[in-house]
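Both counts, for ligands and for their atoms, begin at 1 and track the order of listing.
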Amino acid sequence: MVRIGDIADGMTRGVEGFAASVSETFMEPVVRLGVTGLSRAGKTVFITSLVANLMERGRMPQLRAAASGAIQSAYLRPQPDNTVPRFDYESHLAAMVGSSPHWPDSTRAVSELRLSMRVRPGGFGGLLGAVTGPRTVHLDIVDYPGEWLLDLALLEKSYTAWSRETLARMEERPGSAAFRAALEGVDPAVPLDEPQAQRLAAAFTAYLRTAREAGFSDCTPGRFLLPGDLAGSPALTFAPLPDPSGSTPRGSLWREMDRRYEAYKAEVVKPFFREHFARIDRQVVLVDALGAIHAGPRAVEDLRRAMTEILGAFRPGRNAWLTSLLLGRRVEKILFAATKADHVHHTQHPRLTAIMQALMKDARRRADFAGAETSAMAIAALRATVEETRSQGGESYDCVRGTLLGTGREAALYPGDLPEDPALLLEPARDGAEAWLDAEYEVMRFAPARLTLKPGEGPPHIRLDKAAEFLIGDRLT
Ligand code: GDP
């Protein structure tokens, strides 16, 4: 249902948006780049390395505006939104390239960073450029957890439907025993007892966390895992309940949980979409596909479903409320990037890309992106390994070598060959296989390598320049 308030909100936004885009076109254009992905997909590392490599462009040959010298300078500027936390670029970069390199703290909530670039117009624009000189393009990067996007599906679900679905899904996943035990003997018709509600919410959150750690992707409600400053608030103190057998009077556990679930949707999910999502022009969705493959077929199937859900958020018309909010505005380009590609030898990268494309295909077939251009690639925002070929028993193996996280030991890893045909992974996943039949995929966690960066060079990466070219290249020429 679309409420009048939502429409009115959308209209004001539309008018403001129009005014903003007019002044931006003539003055200083702004590109809002959304960076999302599930927790630990690599968002923080991606943004840090992207910004560092746009400031020092020596490793960005595939970004045409960098290679041609059209980008004359790039510098950080105060961001336009005063109430959104700033992405802590300096600390994250210091962690990654300092004297004892380590991975930065991951994304926990939404944050923003403005990188401004002085760009000399090229080609036809160059004629104009001779008159007008270089212009400034602002890149506003908005980092937000993919878990929050998955919450869009909740808007269309009643508490009853959500409870049923969530309880059914629990059966195929690890970690739900304690929550199910906590549910036993709970009568949804009795008056709400706050400590009991808190116990149920805590047990439910613990289950979501275990499922996430076991590699499952769709662990909504998103704020249960990444609560930001909402931890402990009533909007996060609910849990699914089995269908009540009789009536549920006002003030009962069921009614109160239902009310909180609705409050979560109205007061947490909707503002996120209104304030952040609705303003994005370009989007990158980061996916730890290798991590899911390592976790097994169920995690891969879950990832496929989560990607379909995430893609659904970009499909106009899918959700009436969102459609009214966007007023025809849409994301122009969406990149799906498999991260941490430095965990496998480059000979495997085309296969990893093919897996990403196959994961996307299903969702894309059903989705009408109405003009959004999409692409899939395999990247590493910060390359932590080097490649090496080892021979053993007359066979040669394409390995990657790096420093292991934890022990600090150097190790070479042969991660296993990804199949040439992605169906060999996706079909058993869809059929509910427990384990891969005749293959094992290893993933080790490497620490960032110690770096000596030459002047003009950003941190080493794989295809970050290609990703940047797809996402923003056209706005820099
Ligand atoms: P976020 O939760 O999406 O912000 O994820 P992070 O950016 O914090 O990344 C999570 C973890 O993935 C890091 O701590 C690293 O261990 C790993 N990681 C991320 N990007 C890369 C990469 O390019 N190469 C390698 N080897 N590991 C990465």
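- Aromatic ring centres of Tyr207 and Phe179 lie farther apart than the 6.0 Å criterion allows.
- No donor-acceptor distance shorter than 3.5 angstrom exists from the side chain of Asp465 to the backbone of Leu63, with no hydrogens or angles considered.
- In this structure, the side chain of Ser233 engages the main chain of Leu230 through a donor-acceptor pair within 3.5 Å.
- Annotation: ring pair (Phe, Tyr, Trp, His ring centres under 6.0 Å) contacts of Phe238 (sequence neighbours excluded): Trp162, Phe224, Tyr261, Tyr264.
- For residues 444-477, the set of pairs meeting the ring-ring contact (aromatic ring centres under 6.0 Å, His included) definition, not counting sequence neighbours, comprises His343-Phe446.
- Protein neighbours of ligand 1 below 4.0 Å, counting non-hydrogen atoms: Leu38, Ser39, Arg40, Ala41, Gly42, Lys43, Thr44, Val45, Trp103, Ser106, Thr107, Lys340, Asp342, His343, Ala380, Ala381, Leu382, Ala384, Arg445.
- Phe273 is linked by a ring pair (Phe, Tyr, Trp, His ring centres under 6.0 Å) to Phe277, counting only residues two or more places apart in sequence or in another chain.
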